[in-house]
There are 2 protein chains.
Amino acid sequence: MNLQQLRYVRETVRRNLNLTDAARALHTSQPGVSKQIREFEEELGVDIFERHGRRFVALTPPGRELIGIIDRILLEVDNLRRVGENYAAGDSGRLTIATTHTQARYVLPRVIASFRERYPKVRLSLQQGNPSAVARWVLSGEADIGIATESLDHLEDLIALPAYTWTHSVVVRPDHALANSGALTLQAIAEYPIITYSKEFTGRSHIDEAFAAQGLAPDIVLTAIDSDVIKTYVELGLGIGIIASVAFDPERDRQLKCFEAEQLFPINTTRVAIRRGAYLRDFTIAFIESFAPDLTRERVIEAIGSNRTADAE
Amino acid sequence: MNLQQLRYVRETVRRNLNLTDAARALHTSQPGVSKQIREFEEELGVDIFERHGRRFVALTPPGRELIGIIDRILLEVDNLRRVGENYAAGDSGRLTIATTHTQARYVLPRVIASFRERYPKVRLSLQQGNPSAVARWVLSGEADIGIATESLDHLEDLIALPAYTWTHSVVVRPDHALANSGALTLQAIAEYPIITYSKEFTGRSHIDEAFAAQGLAPDIVLTAIDSDVIKTYVELGLGIGIIASVAFDPERDRQLKCFEAEQLFPINTTRVAIRRGAYLRDFTIAFIESFAPDLTRERVIEAIGSNRTADAE
DNA sequence: TATCCTTACGGAATTCGTAAGCATG
DNA sequence: CATGCTTACGAATTCCGTAAGGATA
């Protein structure tokens, strides 16, 4: 048994049991992967993959049990590497953050600016996608941490720590009928065409819930994953916009009038997601702390509940 | 990085940082271990062992973090093997039980008899020792499960499940002054020489607590780890004996008179200990269930809280 | 001076890539 | 017949043992 065999099995499972794909992804030859998997199965005495002729069609029952263990082993192997880097190259390395557009565009810039000042030698990369992709990237290890407002709970191997809360705002053109009204109501908003986020994004589910709770059927004429796109179409007069409050910039968005809507829609919580059992580099924890000062180093270590010993600086 | 390197590091730590010992224990050459450890350290970029000249004198800080991760990896590697065996050779294999004398002599025989009937192809082995040795064997993987009454709690990586409770009995010779008294008291017992278990064994701590709580200083003239030894010396007239109630056999022990002492000494709980995160073979779980019917298969799987998927037969 | 880790070196075993084979959809 | 796993084989690498070296307590 060796680690390479475990990697081959894991990758083959991840690639929908396509061994050829797995070999390509691992930059190695397909027969090599085939042989190693065979030998691994022989050593364990059980088949991991159910084969129809020469094709893999499913995991066997022992295969399903093994894959969970294999995932944990390879996670811990990554952790060994990270511990090494943390001590050997404390302030340099790479930090991959999976997140959504709103975070990347409106929240992270100031955090990243200060992070880069403190850790100039860390190479940052942002993986942008929808919240379930964010969760997937963190779970697979492609990203170190994930930041999103939805879809980060209800996953056993994902730890989602609340970072901050925020509310939506309504934006309209200055010449819109609602522009000079007093306090907005959901009823009033529902009379006009609406532009807001796509399903799954940036608290959209809370928007839908709020309307549904009052039996309203809003006319959502356009959705986007992107606050800038929403604002652009509001400016064009296509409807009124519902966006995250952080996405309104009084300086830039002079063509729009903004109403805070914290009374109308439920409060949203943006969370930082970490893979359970993953070892976090010091600078990763520092990033989280700088993103959400409530999440102190101690609380993060406590929450991931593993690996890091108490005396680790 | 490979698994062999991890084994070398773990064994060296277990052997008090003596690499030569570790190599011997692993049936390999000492220079081979040295080289592999060096290469592993180089790959990670940190030293694991602190060296004075050419001697290992301590773990470095990263070393302390790494060793925990290494232990988990190697545990999971064992788990892979066990899953394989569980499916490939379901009803055969080896089950090692670490336990104390009282359990091995008075409690386990009937459990083992029925277990052997159900799983005739499983080779059983009993590792007998004091409770802290039991804990150590389970933690190191030398035993699959541990059964003991003391010293099994307060260890993070050990899960101790309550199996059954029991109380002590007092045994005396029929010609002893107490033989025909009514209900015994601690005061009465403390007047005579006492023979009972050694420190750490079979509820001895509860016996001491009971006397101490009443300010009594019993005259313990002889201690043994072994109920049979205790009974033998009681028969010789050296004193009165305090033993686990299960260790009294009315058939065999006709030369002794036995008083149940559940009022005098606190109740004892015998526990089954499992290493956290270890995969248990089906027959291991069956053994536990047969030892303590309260510990059903579901509750055991729940308690170890890992590895085994819900659908595992 | 005994213990114990490191270095050097050579043979054995393992790993991995290329080429060809064969079964399924 | 295209896709996709397996078999065969040879080269490169890795692993591991023996022998010798050097440092500490």
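Scope of the values below: all heavy atoms of this structure, side chains included, with no hydrogens, waters or symmetry mates. Order of the sequence lines sets the chain letters (A, B, ...), proteins ahead of strands, with each chain counted from 1.
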Starting at atom [atom1] of [X], determine the distance to atom [atom2] of [N], rounded to an integer number of angstrom.
{"X": "Phe40(A)", "N": "dT14(C)", "atom1": "CZ", "atom2": "C1'", "answer": "17 Å"}
{"X": "Asn18(B)", "N": "dT6(C)", "atom1": "CG", "atom2": "C1'", "answer": "15 Å"}
{"X": "Glu50(B)", "N": "dT24(D)", "atom1": "CD", "atom2": "P", "answer": "14 Å"}
{"X": "Lys35(A)", "N": "dA19(C)", "atom1": "NZ", "atom2": "C1'", "answer": "15 Å"}
{"X": "Arg24(B)", "N": "dC4(C)", "atom1": "CZ", "atom2": "P", "answer": "8 Å"}
{"X": "His27(B)", "N": "dG17(D)", "atom1": "NE2", "atom2": "P", "answer": "12 Å"}
{"X": "Gln30(A)", "N": "dA20(C)", "atom1": "CD", "atom2": "P", "answer": "15 Å"}
{"X": "Leu3(A)", "N": "dT15(C)", "atom1": "CG", "atom2": "P", "answer": "11 Å"}

Donor-acceptor pair, distance only, cut-off 3.5 Å: does the side chain of [X] make one with the backbone of [Y]?
{"X": "Glu85(B)", "Y": "Gly45(A)", "value": "no"}
{"X": "Gln5(B)", "Y": "Asn2(B)", "value": "yes"}
{"X": "Arg82(B)", "Y": "Arg281(B)", "value": "no"}
{"X": "Thr60(A)", "Y": "Ile48(A)", "value": "yes"}

Looking at the side chain of [X], which of [options] is the nearest nucleotide?
{"X": "Thr28(B)", "options": "dC16(D), dT6(D), dC5(C)", "answer": "dC16(D)"}
{"X": "Tyr8(A)", "options": "dT18(D), dC16(C), dT6(C)", "answer": "dC16(C)"}
{"X": "Leu19(B)", "options": "dG17(D), dC5(C), dA19(D)", "answer": "dC5(C)"}
{"X": "Gln36(B)", "options": "dG4(D), dC15(D), dT15(C)", "answer": "dC15(D)"}
{"X": "Gln4(A)", "options": "dC16(C), dA2(C), dT6(C)", "answer": "dC16(C)"}
{"X": "Thr20(B)", "options": "dC5(C), dA8(D), dC16(D)", "answer": "dC5(C)"}
{"X": "Arg55(B)", "options": "dT6(D), dT6(C), dA25(D)", "answer": "dA25(D)"}
{"X": "Arg54(A)", "options": "dT18(C), dT6(C), dC5(D)", "answer": "dC5(D)"}

When we call it a touch if two heavy atoms are under 4.0 Å apart, what does Leu26(B) touch: a base, just sugar-phosphate, or nothing?
-> nothing
Answer with base, sugar-phosphate or nothing: what part of the nucleic acid does Leu17(B) contact at a heavy-atom distance below 4.0 Å?
-> sugar-phosphate
Comparing Gly53(A) with Asn2(A), nearest DNA chain C nucleotide closer to 5' gives the residue Asn2(A)
His52(A) or Gln5(A): which one's nearest nucleotide on DNA chain C is closer to the 5' end?
-> Gln5(A)
Does a donor on one side chain sit under 3.5 Å from an acceptor on the other, for Thr202(B) and Thr149(B)?
-> no
Side-chain H-bond candidate by donor/acceptor type, Glu200(A) with Ser132(A), under 3.5 Å | yes
Examine the base of dT6(D) for any acceptor or donor lying under 3.5 Å from a partner atom in the side chain of Arg38(A), and report the outcome as yes or no.
-> no
Do the side-chain N or O atoms of Ser34(B) get closer than 4.0 angstrom to the phosphate oxygens (OP1, OP2) of dT6(C)?
-> yes
Kindly say if Arg51(B) contacts the phosphate of dT6(C), meaning a side-chain N or O under 4.0 Å from OP1 or OP2.
-> yes
